[in-house]
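The structure appears right after this line, and notes come after that.
Naming convention: chains lettered A, B, ... in sequence-line order (proteins, then strands); numbering from 1 in each chain. What you see is a predicted model, and the numbers here were worked out from it, not measured in a lab.
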Amino acid sequence: MENVSKSFGHVNAVDDMSFYVTKGSLFSFLGTNGAGKSTVISIILTALQPDSGSVTVNGFTVGKEDEVIRKEIGVVFQESLLDPLLSVQENLEIRAQLYGMAKQERLAAIQRCAEIVDIHSILKRRYGKLSGGQKRRVDIARALLHQPKILLLDEPTTGLDPQSRQQIWKMIGHLQKEHGMTVFLTTHYIEEAANSDFVIVIKEGRIIAKGTPIDLKQQYSADRLFITTTDHIALRTHFQRDHVQYQEETGGYTIDLPNTLAAIPILTTYQSLISSFEVRKSSLDDVFIRIHDRKDV
Amino acid sequence: MLIFAKRNLLLYFRDKSAVFFSLLAVLILIALYVFFLGDLIADGVPDFPAKHWLLLSWIIAGVITVTSVTTTLGAFSVMVNDQATNAYKDFRVTPIKPPQLLGGYIISSLSIGFLMCIMTLLVANAMLLATGEPLLSFTQLIQSVGVLFLAVLTASSMTSLLVIFFKTSHAFAAASTVIGTLIGFLTGIYIPIGTLPAYLQSMIHIFPISHIAALLRQILMDAPMTEAFAQAPVEMKESFQLNMGVVFKVNGWHISPLVSVMYLLLITIIFFMLSTSVMKYTRR
């Protein structure tokens with residue numbers, strides 16, 4: 001079953017975008033600030049109406065079956081939006097009631113969600129007094145109250161310390177694998193997108209790249225060979241003679257490679273001159289910047 | 001809708017400063033009376049029996065009227081806050097609909113206003129007891145509660161329109177204080193209406209909240225007035241009533257309590273309709 005498919009034109013925020021998310025997958029929406037990520041989220045959430053095009057969530061159309069869609073989706077917003085003056089328990093109870101849950105059902109739901117995100121110890125504390133990471137966990141619990149099939153997270157780890165970030169990531173992975181939820185998230189940390197099944201990179205409201213993280217990496221990354229030597233002059237002369245393109249770096253030389261294996265012939269040729277070497281695979285960050293700075297988009 | 005109203009109530013009472021600010025105008029008013037307005041008004045009228053009782057009842061009516069406006073307004077601080085902090089976004093993803101949200105804010109405003117007014121009424125009773133005056137009778141209490149119900153309805157409908165225009169909590173807090181102070185003038189509570197120029201008197205007659213004050217005065221001052229003017233000519237009682245704003249006289253017509261009640265109901269309906277349509281318009 002295919003869930004979200006949409007295409008719509010918009011002046012700025014989202015420009016004629018189409019994509020789909022496979023059920024049960026972890027899907028990342030990558031883009032810098034202002035690329036249109038939140039707008040897309042708002043549209044899927046039925047909070048904004050697209051100017052043109054159509055959006056389908058789990059077979060329900062946005063704009064026509066908004067109420068059903070709202071029951072299917074759990075959302076974690078970029079900002080922490082629960083009431084700071086109320087305790088975590090009170091906050092969760094009120095939100096559960098808004099979904100029409102009866103008392104027993106409500107308490108069971110809170111128990112279940114508290115279990116998943118491990119917030120039992122802070123249930124009685126005021127939401128406003130919690131740390132960023134704790135708040136985020138409560139936000140996720142709130143999003144799970146009504147047992148949605150799809151979880152939407154808008155920059156869930158922005159502003160968190162590395163430890164909390166990792167914790168949140170574990171939870172998201174757990175939800176996707178153990179509970180079979182479809183997870184849709186936006187981020188501007190590319191290393192987070194590396195954990196997902198499929199990545200879409202957007203810029204100025206348009207999709208500029210898509211694929212699995214590995215695909216993207218292979219497509220856009222470049223490997224580089226880094227060599228150090230004791231005999232600089234000899235190595236440089238050899239390079240010039242053989243027309244090898246190189247750049248000087250502190251302590252050594254780098255050569256761009258079409259792939260990792262291309263390093264072997266170079267290494268064998270100059271073996272006697274090399275004191276050490278390293279093949280550097282480009283990080284996802286490099287990939288992201290490379291995609292983002294492409295001239296043709 | 002009720003669940004949402006409950007949440008708003010909980011939030012309002014958790015925020016001690018919101019409660020304080022909504023009562024600030026009332027506290028200022030009481031301080032003004034204690035320090036100089038009380039004496040000023042007492043000097044302005046001739047001596048007659050039960051004077052203290054009568055004037056105290058007049059003041060109580062004014063204080064309760066101001067309470068009805070400032071507390072219903074203060075209760076809407078939750079709504080302004082939700083707008084300012086984007087908290088409403090989370091409600092828009094739940095099955096609850098926007099009109100129900102507005103309904104929830106209004107219900108919480110009504111309940112907070114009503115509760116606070118009843119409390120003020122009880123405090124007023126204690127004040128009467130403390131100064132050795134007779135307590136309010138059971139009928140008076142029932143009648144006042146009835147008027148209070150109408151009062152918070154009207155006040156809440158008018159303030160609901162007002163709050164839509166405030167986007168930050170700071171602006172709202174400042175405006176609440178200004179409104180709380182102004183309301184005393186607009187309803188002839190600081191200074192008896194009789195001492196004001198004609199155009200201000202007309203303004204007070206038109207301003208709906210003044211009718212709440214008048215209705216309350218009619219109820220609360222009934223007993224002391226009977227005692228005070230037992231020996232006096234009817235004209236004297238009538239001129240006192242007009243002077244103190246117990247009864248309004250517009251174009252030679254005395255406004256009966258029924259007319260005041262009808263006027264308040266009409267205003268309530270108009271303002272609720274206005275605020276729902278403005279809300280729809282601004283959401284777009």
Side-chain angles (χ1 to χ4, degrees), chain A residues 38 41-49 57 62 65-87 89-103 106 126-129 135 138-143 145-146 148 150-154, chain B residues 1-22 74-105 107-108 111-112 167-170 172-173 279-284:
Chain A
S38 295
I41 289 254
S42 297
I43 291 169
I44 298 172
L45 282 179
T46 75
L48 277 181
Q49 289 290 326
V57 180
V62 167
E65 293 147 305
D66 286 1
E67 282 205 39
V68 198
I69 293 176
R70 288 179 191 192
K71 287 195 178 128
E72 302 273 314
I73 301 182
V75 203
V76 177
F77 289 98
Q78 208 168 330
E79 315 105 305
S80 298
L81 294 179
L82 296 181
D83 299 322
L85 291 171
L86 303 184
S87 75
Q89 174 95 30
E90 287 169 327
N91 262 308
L92 293 178
E93 282 223 23
I94 289 166
R95 309 291 154 146
Q97 276 177 301
L98 291 179
Y99 284 96
M101 292 186 206
K103 180 122 186 139
R106 220 152 65 215
R126 282 198 184 181
Y127 180 71
K129 302 244 191 243
K135 273 187 190 163
V138 176
D139 294 343
I140 295 177
R142 180 255 170 270
L145 280 175
H146 56 294
I150 301 166
L151 183 63
L152 240 82
L153 304 104
D154 196 1
Chain B
M1 191 153 84
L2 287 177
I3 300 147
F4 187 63
K6 206 176 106 189
R7 171 248 180 197
N8 298 338
L9 280 174
L10 207 57
L11 271 182
Y12 174 79
F13 285 110
R14 281 281 162 83
D15 187 359
K16 299 286 180 290
S17 66
V19 178
F20 175 75
F21 269 107
S22 55
F76 278 117
S77 64
V78 177
M79 178 171 156
V80 176
N81 239 334
D82 285 350
Q83 285 286 333
T85 60
N86 282 338
Y88 71 94
K89 268 163 75 177
D90 193 61
F91 295 111
R92 297 204 55 190
V93 298
T94 66
I96 187 166
K97 294 185 191 71
Q100 288 178 306
L101 286 178
L102 180 63
Y105 289 124
I107 289 174
S108 62
S111 356
I112 288 166
K167 300 286 176 236
T168 71
S169 314
H170 285 299
F172 177 71
M279 180 98 50
K280 262 186 208 149
Y281 182 75
T282 49
R283 277 281 147 77
R284 196 45 247 147

Query raised in the report: Do B:K89 and A:Q78 come within less than 4.5 Å of each other through their side chains, counting heavy atoms only?
Result: no

Query raised in the report: In terms of side-chain geometry, is the basic nitrogen of A:E90 or B:K6 positioned less than 4.0 Å from the acidic oxygen of its partner?
Result: no

Report summary line: Here the pair of heavy atoms bringing B:I3 nearest to A:I94 is CG2-O, 4.1 Å

Query raised in the report: Checking B:T85 against chain A: side chain, backbone, both or neither under 4.5 Å from a heavy atom?
Result: backbone

Requested in this report: For A:R70 and B:V93, indicate whether the former's side chain and the latter's backbone hold a donor-acceptor pair under 3.5 Å.
Outcome: no

Requested in this report: Please say whether more than 12 non-hydrogen atoms of neighbouring residues, nucleotides or ligands are located less than 6.0 Å from CZ in B:F20.
Outcome: no

Query raised in the report: If you measure from OG on A:S42 to CZ on B:R92, what distance do you get to the nearest 0.5 Å?
Result: 9.5 Å

Report summary line: Whatever's closer than 4.5 Å to a heavy atom in chain B on A:E93 counts as neither

**Report entry** Heavy-atom pairs under 4.5 Å with chain B, option from A:K71, A:R126, A:E79, A:R95 with the top count
**Finding:** A:R95

Report task. Below 4.5 Å from any heavy atom of chain B, which atoms of A:Q97 appear? Answer side chain, backbone, both or neither. Result -> both

Query - N-O pairing of B:D90 and A:R142 below 4.0 Å - result: yes

Query raised in the report: What part of A:L82 gets closer than 4.5 Å to chain B, counting heavy atoms only: side chain, backbone, both or neither?
Result: side chain

Report task. Could you tell me the separation between the CG atom of A:L85 and the CG atom of B:L10, rounded to the nearest 0.5 Å? Result -> 9.5 Å

Query raised in the report: What residues, two or more places apart in sequence or in another chain, satisfy ring-ring contact (aromatic ring centres under 6.0 Å, His included) together with A:Y99?
Result: A:H146

Query raised in the report: When rounded to the nearest 0.5 angstrom, what is the spacing between CZ in B:R7 and CG in A:N91?
Result: 8.5 Å

